[in-house]
2 protein chains.
Amino acid sequence: MANAKYVIVANWIKEQIDKGKLRHGQKIQTEAQLSKQFGYSRQTIRQAISSLINEGLLESTQGSGTYVRKSKRSDQASRVIGVITTYNTDYIFPRILGGMEEVLADHEYAMQLAFTHNRVSDERRALELMLQSNVDGFIVEPTRSALPNPNMDLYHSLIDQGYPLLFINASYQTLPTVHVALDDRKTGKMIYDYVFERGHRKIFSFFKYDDIQGHLRYAGANDASKLHGEQINDDDIYWYSTEDFEKGIFDQRLLERLKNYTAVLCYNDALAYQLLEFLEKHDMHVPEELSIVSVDHSDFIGKSNIEITSVVHPMQKLGSAAAKTMLEMVQKPSYNTSVDFQPRLVEGNSVKNIQIQIGGQDE
Amino acid sequence: MANAKYVIVANWIKEQIDKGKLRHGQKIQTEAQLSKQFGYSRQTIRQAISSLINEGLLESTQGSGTYVRKSKRSDQASRVIGVITTYNTDYIFPRILGGMEEVLADHEYAMQLAFTHNRVSDERRALELMLQSNVDGFIVEPTRSALPNPNMDLYHSLIDQGYPLLFINASYQTLPTVHVALDDRKTGKMIYDYVFERGHRKIFSFFKYDDIQGHLRYAGANDASKLHGEQINDDDIYWYSTEDFEKGIFDQRLLERLKNYTAVLCYNDALAYQLLEFLEKHDMHVPEELSIVSVDHSDFIGKSNIEITSVVHPMQKLGSAAAKTMLEMVQKPSYNTSVDFQPRLVEGNSVKNIQIQIGGQDE
DNA sequence: ACTTTCAATTTGTACGTACAAATTATGTAT
DNA sequence: ATACATAATTTGTACGTACAAATTGAAAGT
């Protein structure tokens with residue numbers, strides 16, 4: 001190795017920054033001090049510092065001193081926003097991206113895109129790639145937001161470096177940041193209320209356990225049940241993960257289980273329409289025998305004539321709101337106004353009205 | 001101004017490069033020569049050269065000399081591929097992008113995305129944005145590929161600058177470049193052949209006139225008709241544009257017109273399923289009264305139970321093939337192998353077999 | 001309490017020397 | 001003619017000095 005002296009000094013300063021002994025914006029030793037410390041001439045020290053300035057790690061002001069740069073990037077805006085979502089094949093993501101792209105393009109910003117396929121390893125790779133290619137800010141749809149996330153180190157260093165970070169659809173619980181999302185708790189409450197008000201008392205639910213939206217929609221449904229003096233039991237819920245869904249969760253046993261209920265709350269339309277198809281294949285009629293209510297109000301229509309009653313997902317609006325928020329954040333680093341879209345339910349013909357009695361809210 | 005000496009020297013060298021007196025790859029004067037020429041010390045000259053090296057204009061080799069860099073851009077790969085498509089909301093684009101993203105991410109490349117909404121002004125904006133943000137190559141789905149394109153200046157300067165440029169789905173006729181696409185001419189031939197072989201002789205067609213795919217599929221259908229000794233008349237074709245389709249092209253007059261035919265060739269599924277819905281609303285049965293064949297084989301299913309017979313669009317495969325081709329082009333600038341996907345037809349139940357006579361191919 | 005002035009500190013510019021390391025050109029031996 | 005050793009050339013590292021320019025903080029003045 002036997003490096004040159006100035007390389008030794010440069011590496012030493014780098015280490016100090018990495019170790020955290022020198023923080024962003026902090027002043028480093030003066031050239032004279034370093035010269036004395038290492039026993040090298042001031043010129044050699046200057047060469048070391050000069051190389052680090054070129055790397056963008058330091059900046060110095062005549063008469064004042066040399067400082068650690070606040071962030072590697074702030075020098076020039078690249079006018080590119082990094083967007084990381086789980087999928088693009090789904091029914092809502094293309095719309096979200098469309099909404100974003102429109103706003104970003106209007107403001108002469110480009111969009112850099114990566115998908116995580118809801119896998120944290122892909123999320124890591126996506127974040128690292130985008131950090132390398134110098135984006136101005138990050139719009140991220142969390143991956144497995146309800147589970148411990150191994151990429152928190154990256155998110156934290158990202159925040160430390162001053163990158164605007166905005167989450168859509170959900171946010172990580174351990175990371176207090178700005179978000180643009182559907183109010184999932186109220187959404188859960190709304191779909192429970194809807195079937196309850198139409199007389200349903202035996203209510204089954206499908207919720208995702210790896211996304212925080214599943215937790216929140218469950219919590220909302222729970223809120224609603226308690227307000228009505230009801231209680232959701234563990235048996236009334238089917239928790240599933242992304243992988244479970246991909247493998248397929250419907251079988252004979254589940255069919256038998258569902259026969260004890262009159263209504264089903266679905267985490268989203270992807271599940272709801274699969275359920276609908278499954279039920280019709282096994283001659284269980286919707287909504288006569290079983291009512292279904294869901295979330296997303298996607299316009300993909302199954303083979304049946306049933307249109308599922310569901311809460312509307314803002315999609316385009318969510319995308320454009322996220323883009324607008326991000327552009328605010330890029331300009332004002334202090335901007336931290338989250339957007340929560342209030343749920344709105346659109347009626348289809350998937351819920352049967354079985355009004356037992358008028359005003360019969362108590363048991 | 002009264003600049004520092006090293007700034008004077010640096011500016012002088014810059015001028016020499018700009019004036020063309022020093023060309024890319026050429027060796028500049030030695031430090032000793034410059035020192036003598038300016039009457040400044042070698043250290044001062046070194047400082048000037050050092051600043052230009054940091055700007056990326058020069059590079060020097062110990063023992064050999066200092067040289068003008070070949071080009072500003074090729075020095076560092078940004079590992080970002082620019083992708084410009086018309087839409088993302090459609091049924092095929094999310095899949096194409098998905099296929100691309102997978103391959104690019106696997107090779108640690110990021111994807112920068114913009115949509116043109118099939119408008120040349122948006123295409124221009126997208127190209128300009130991407131040129132600014134330093135991408136390594138362009139994957140472009142042409143906008144209104146059949147009409148004269150006002151952005152040819154940008155495409156030409158892009159090629160001149162040595163950017164790899166790859167077109168998907170279609171290509172501009174005036175621009176000889178690499179492409180990855182479905183063989184649209186054969187596709188047109190295939191759908192014509194399919195209905196012809198099932199006895200249809202009164203064949204109507206819907207083709208887009210602003211995309212070259214429309215022209216090619218029409219040409220293919222024409223090829224087929226001639227081989228069968230038939231002739232497509234002008235009255236047998238409905239030419240439409242992106243705007244026409246958005247406004248809606250189906251009306252009573254068209255319905256009357258279609259009653260003279262037994263089969264319809266559709267440019268793509270977006271049109272075919274709208275046509276299907278329109279026909280059913282007006283009590284015209286498919287395929288009993290009118291057969292439909294189309295292109296894309298999208299899996300979105302209309303309210304009816306009809307599944308339209310159509311040529312499969314490669315989608316994911318096309319996306320990943322495009323990404324792979326682009327990565328080849330980035331590595332080898334000479335790479336110019338286009339990929340043409342051969343059409344494959346998947347049968348639904350939208351075409352009636354009206355075999356008039358066996359082997360009755362003449363007239 | 002506020003401003004002004006001035007000195008000390010710190011980085012920036014400029015020149016000089018010396019030798020090391022890599023490349024290139026030259027000359028010599030085979 | 002080819003291979004090898006050697007010299008010359010050219011950039012890289014390192015130290016030194018000197019002064020300029022900008023900032024900072026303390027002292028002095030109002």
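Chain identifiers are assigned alphabetically (A, B, ...) following the order of the sequence lines, protein sequences preceding nucleic acid strands; residue numbering begins at 1 within each chain.
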- Message: Whether the side chain of B:Ser320 engages the backbone of B:Gln316 through a donor-acceptor N/O pair (distance < 3.5 Å, no angle test) should be reported.
- Response: yes
- Message: Of all nucleotides in DNA chain D that come within under 4.0 Å of a heavy atom of chain A, which is furthest toward the 5' end and which toward the 3' end?
- Response: D:dT13 to D:dT24
- Query: Any donor and acceptor pair, going by atom type alone, linking the side chain of A:Asp136 with main-chain N or O of A:Arg79 inside 3.5 Å?
  - Reply: yes
- Item | Minimum-distance pair of heavy atoms, taken over all atoms of B:Val135 and B:Tyr163 | O-CE2, 3.1 Å
- Query: Should the pair A:Arg125-B:Glu108 be classified as a salt bridge under the 4.0 Å nitrogen-to-oxygen rule?
  - Reply: no
- Task: Under 4.0 Å from any atom of DNA chain D, heavy atoms only: list the residues of residues 43-54 of chain B that qualify, in numerical order.
- Result: B:Gln43, B:Arg46
- Message: With a 6.0 Å cut-off (strictly less than), is the heavy-atom count around CD of A:Glu102, excluding the residue itself, greater than 12?
- Response: no
- Message: Under a 3.5 Å distance rule, please check whether B:Asn151 uses its side chain to pair with a backbone N or O of B:Glu123 as donor and acceptor.
- Response: no
- Query: Would you find a donor on one side and an acceptor on the other, under 3.5 Å apart, between the side chain of B:Tyr172 and the backbone of B:Thr143?
  - Reply: yes
- Message: With nearest nucleotide decided by heavy atoms, which residue, A:Lys5 or B:Ile28, maps closer to the 5′ end of DNA chain D?
- Response: B:Ile28
- Message: Checking the side chain of B:Ser51 only, and the main-chain atoms of B:Ala48 only, is there a donor and an acceptor separated by less than 3.5 Å?
- Response: yes
